[in-house]
There are 2 protein chains.
Amino acid sequence: MDNNTDFIEKLRSSGLRPTKQRIRICKLLFDRKKTFHFTINDLSKTLKKENIKQISLATIYNTVHSFKKKGYLKEISINREMSYFDTNTSDHHHFLDINTNQLIDLKKEDVEKVRIKKNLPGKKINSIEVLVKIENSN
Amino acid sequence: MDNNTDFIEKLRSSGLRPTKQRIRICKLLFDRKKTFHFTINDLSKTLKKENIKQISLATIYNTVHSFKKKGYLKEISINREMSYFDTNTSDHHHFLDINTNQLIDLKKEDVEKVRIKKNLPGKKINSIEVLVKIENSN
DNA sequence: TTATAATTTATAATGATTCTAAAGTAGTGT
DNA sequence: ACACTACTTTAGAATCATTATAAATTATAA
């Protein structure tokens, strides 16, 4: 019934005060079996549909950014127009359906380890991001 | 001396009128041995440094976009803040130095072919983009 | 309960990109 | 050379997502 306590703990443990707004967003983002992808706009629209007191846009931005900073969310920037947040923060890659703009997780085992044969002196690899654009094959 | 004729031909052959502005931008972008990467802002600043009549910002945007549409440039969108254009339009990947924000080409042979083991019914792969973020190693 | 620091909020500000419509230019035909 | 048309350039306005501001509210610890 009241699994808010989990979120309250989660928030408090990372130094974020468990406010109504943050808890509500936690429930929306993390209270589900599958990970999912959303834009700020998606989140904002979904929150508007609920008949609860509205959360201001500024708070939505603040919350998503602090969740990202705390490692609860990963950002996948597609281009200037599209930036997704992903509740799956593990190391993984994505399909982007260019017909629907849907972002789809690729499991680690779906992509053979990417080998980079070049390296630059004084530099090391921080991350490798693979984006596979897919389209209708009709 | 006057290798503008090449650019004039190039432009005309793709249905773009060879205007002063387009030729000047062509020279800046394509009259070099190595391919290179730039943002609209970089290009705009470089053009400002030349003591010739300034090209308006709108024209810079228009030109870069039409060059992209004609296949002379490839866009590499890093995130909302950074979008690079690449004079190397072949199929290749990139290093992004997160300390300097420099984008560096990876040759085809620098990255082992990326194998995707998942496929979705009714969908086919359009492109595979690999971005390798690198940082100072010390 | 009170003091405080953190948070939320509505609204304003920002800044990159796109739009607009008027002026300028290239290409074509005469 | 001239004129016509369509294309291009231009300055400035408009747009729109995001960030900043500063006042009101709330969580927390004393």
Side-chain angles (χ1 to χ4, degrees), chain A residues 4-5 7-29 38-48 50 52-70 72-73 75-85 101, chain B residues 4-5 7-29 38-48 50 52-70 72-73 75-85 101:
Chain A
N4 281 5
T5 48
F7 294 132
I8 292 175
E9 258 327 291
K10 181 185 177 122
L11 289 167
R12 242 197 283 261
S13 73
S14 58
L16 294 175
R17 288 186 177 173
T19 62
K20 277 195 299 294
Q21 293 86 344
R22 284 175 178 156
I23 293 167
R24 216 168 121 207
I25 293 177
C26 271
K27 285 166 82 167
L28 217 153
L29 299 183
F38 64 94
T39 63
I40 297 274
N41 189 42
D42 294 336
L43 180 56
S44 164
K45 274 198 230 154
T46 306
L47 287 166
K48 270 209 190 85
E50 303 182 3
I52 321 174
K53 182 174 175 296
Q54 284 319 303
I55 298 180
S56 86
L57 188 55
T59 300
I60 297 175
Y61 273 98
N62 289 341
T63 302
V64 168
H65 287 145
S66 52
F67 284 7
K68 179 188 171 188
K69 190 179 287 177
K70 294 300 181 184
Y72 301 161
L73 294 172
E75 187 167 5
I76 293 98
S77 258
I78 306 297
N79 55 36
R80 201 172 300 280
E81 293 84 41
M82 274 190 292
S83 193
Y84 286 97
F85 291 87
N101 272 343
Chain B
N4 281 3
T5 47
F7 295 132
I8 292 175
E9 258 326 291
K10 183 187 174 117
L11 289 167
R12 241 196 286 261
S13 74
S14 59
L16 294 174
R17 288 186 177 176
T19 61
K20 279 193 298 293
Q21 294 85 344
R22 284 174 179 157
I23 292 167
R24 217 169 121 207
I25 293 177
C26 271
K27 284 167 82 170
L28 218 154
L29 299 183
F38 64 94
T39 64
I40 296 275
N41 189 42
D42 295 337
L43 180 56
S44 164
K45 274 198 229 154
T46 305
L47 287 166
K48 269 207 190 84
E50 304 181 3
I52 320 173
K53 183 174 176 296
Q54 283 321 302
I55 299 180
S56 86
L57 189 55
T59 299
I60 297 174
Y61 273 98
N62 289 341
T63 302
V64 168
H65 288 146
S66 52
F67 283 8
K68 179 187 172 189
K69 190 180 288 177
K70 295 300 183 184
Y72 301 160
L73 294 172
E75 186 168 7
I76 293 98
S77 256
I78 305 299
N79 56 36
R80 202 170 300 279
E81 293 84 41
M82 273 189 292
S83 193
Y84 287 97
F85 291 88
N101 272 343

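So that the names make sense, note that chain A is the first sequence line, chain B the second, and so on, each numbered from 1.
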> Using a 4.0 Å heavy-atom cut-off, does B/T19 contact any base of the nucleic acid, only the sugar-phosphate backbone, or nothing at all?
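Result for B/T19 = sugar-phosphate.
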> Side chain of B/R12, heavy atoms from C-beta onward: which of C/dG27, C/dT9, C/dA5 has the nearest atom to it?
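For the B/R12 side chain, the nearest candidate turns out to be C/dG27.
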> Would you kindly say whether A/Y72 and A/S66 are connected by a side-chain donor-acceptor distance under 3.5 Å?
no
> For B/D42 and B/T39, does a side-chain donor sit closer than 3.5 Å to a side-chain acceptor?
yes
> Would you kindly give the CZ-to-C1' distance between B/R22 and C/dG24, to the nearest whole Å?
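In whole Å, C/dG24 C1' and B/R22 CZ are 14 Å from each other.
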> Find the distance B/M82:CE to C/dA16:P and express it as a whole number of Å.
14 Å
> Quick one: label B/N62 by what it contacts on the DNA or RNA (base, sugar-phosphate, nothing), any heavy atom closer than 4.0 Å.
base
> Pick the nucleotide of DNA chain D nearest each of A/A58 and B/K53; which residue has the one closer to the 5' end?
B/K53
> Using atom CG of B/N79 as one end and atom C1' of C/dA16 as the other, report the distance to the nearest whole Å.
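To the nearest whole Å, that distance equals 13 Å.
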> Is there a donor in the side chain of B/Q21 and an acceptor in the side chain of B/T63, or the other way round, less than 3.5 Å apart?
no
> Taking all non-hydrogen atoms of both residues, which atom of A/K68 and which atom of A/F85 are closest, and how far apart?
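What the structure gives for the nearest pair is CD-CE2, 4.1 Å.
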> For B/Y84, check ring pair (Phe, Tyr, Trp, His ring centres under 6.0 Å) against everything at least two apart and list the hits.
none
> Take atom NZ of A/K70 and atom P of C/dA6, then tell me their distance rounded to the nearest Å.
12 Å
> Can you measure A/E81 atom CD to C/dG15 atom C1' for me and round it to whole angstrom units?
15 Å
> Between B/R80 (side chain only) and A/N79 (backbone N and O only), is there a donor and an acceptor less than 3.5 Å apart?
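Checking the backbone N and O of A/N79 against the side chain of B/R80, no donor-acceptor pair under 3.5 Å is found.
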> Taking atom C1' of C/dT8 as reference, at what distance in whole Å does atom CD of A/Q54 sit?
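After rounding, the reported distance stands at 14 Å.
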> Between A/I60 and B/R17, name the one whose nearest nucleotide on DNA chain C is closer to the 5' end.
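Comparing both residues, the 5'-ward one is A/I60.
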> Any side-chain heavy-atom pair from A/L47 and A/I25 closer than 4.5 angstrom?
yes
> Partner lookup for C/dT1, please. Criteria are Watson-Crick or G-U wobble with both distances under 3.5 angstrom; report none if nothing qualifies.
D/dA30
> In terms of the nearest nucleotide of DNA chain C, which residue is placed more toward the 5' end: A/I55 or B/N41?
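Closer to the 5' end of DNA chain C: A/I55.
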> Going 5' to 3' along DNA chain D, which nucleotides are the first and last within contact of chain A (any atom under 4.0 Å from a heavy atom)?
D/dA17 to D/dT28
> For C/dT17 and B/H65 - does any side-chain N or O of the residue sit under 4.0 Å from the phosphate oxygens OP1/OP2?
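B/H65 to C/dT17 OP1/OP2: no side-chain N or O under 4.0 Å.
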> Give the rounded distance in Å between these two atoms: CG of A/L11 and P of C/dT7.
10 Å
> Tell me which nucleotide among C/dC19, C/dA16, C/dT8 gets nearest to the side chain of A/R80.
C/dA16
> Expressed in angstrom and rounded to an integer, what is the separation of A/L57 atom CG from C/dT14 atom P?
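Result: 18 Å.
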